[in-house]
Amino acid sequence: MNDDQLKHIASVFSLMAFAEFGAFGYAAIDAHPVAWLELALAAVGFVNLQWFAVWVLSFLKDKEAKS
């Protein structure tokens with residue numbers, strides 16, 4: 001894959017992380033009482049998707065270091 005494709009994949013996963021946290025996090029906060037477990041799971045999902053985006057971007061750094 002070229003650099004632009006890797007950047008695109010990383011940005012898609014970052015966008016997915018925000019969408020997932022926005023949808024499930026808001027639903028958990030809006031519940032009465034607050035659904036703390038659902039909020040925690042949404043936060044874990046957000047962190048995992050963001051970590052994957054950073055991991056994908058790490059391939060760009062590896063390519064530059066080898067050049």
Side-chain angles (χ1 to χ4, degrees):
M1 282 192 192
N2 65 29
D3 290 351
D4 290 331
Q5 289 171 323
L6 289 172
K7 289 177 187 176
H8 177 72
I9 291 170
S11 68
V12 166
F13 274 96
S14 181
L15 183 61
M16 285 172 50
F18 282 105
E20 178 268 337
F21 189 69
F24 295 110
Y26 178 77
I29 291 172
D30 196 40
H32 292 0
V34 175
W36 292 107
L37 180 60
E38 291 176 23
L39 184 60
L41 290 174
V44 168
F46 174 81
V47 170
N48 283 334
L49 287 167
Q50 286 291 351
W51 174 85
F52 187 76
V54 170
W55 179 73
V56 168
L57 286 176
S58 73
F59 288 105
L60 296 175
K61 184 177 177 183
D62 290 343
K63 274 186 176 178
E64 292 172 5
K66 291 179 183 177
S67 298

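At distances below 3.5 Å, not a single donor-acceptor pair connects side-chain atoms of Gln50 with backbone N or O atoms of Val47.
Contact annotation: the side chain of His8 never approaches that of Asp4 to less than 4.5 Å [non-hydrogen atoms, C-beta and beyond]. The shortest side-chain heavy-atom distance between Phe46 and Glu20 falls under the 4.5 Å cut-off. Here the side chains of Trp36 and Leu39 are in contact, with some heavy-atom distance below 4.5 Å.
The hydrophobic cluster containing Val44 does not contain Trp51, counting ILVMFWY residues as joined when their side-chain heavy atoms lie under 4.5 angstrom apart, directly or transitively. The hydrophobic clustering, which links ILVMFWY residues whose side-chain heavy atoms are closer than 4.5 Å, places Trp55 and Leu60 together. Hydrophobic clustering, with ILVMFWY side chains joined whenever heavy atoms are under 4.5 angstrom apart, keeps Phe52 apart from Val54. The hydrophobic cluster containing Phe24 does not contain Leu15, counting ILVMFWY residues as joined when their side-chain heavy atoms lie under 4.5 angstrom apart, directly or transitively. Cluster annotation: Met16 and Val56 are assigned to the same hydrophobic cluster (Ile/Leu/Val/Met/Phe/Trp/Tyr, side-chain heavy-atom contacts under 4.5 Å, transitive).
One finds the CD1 atom of Ile9 at 13.5 Å from the OG atom of Ser14 (value rounded to the nearest 0.5 Å). In this structure, CD on Glu38 lies 11.5 Å from CD1 on Ile29, to the nearest 0.5 angstrom.
Residues Gly25 and Ala42 share a closest heavy-atom pair of N-CB, 3.9 Å.
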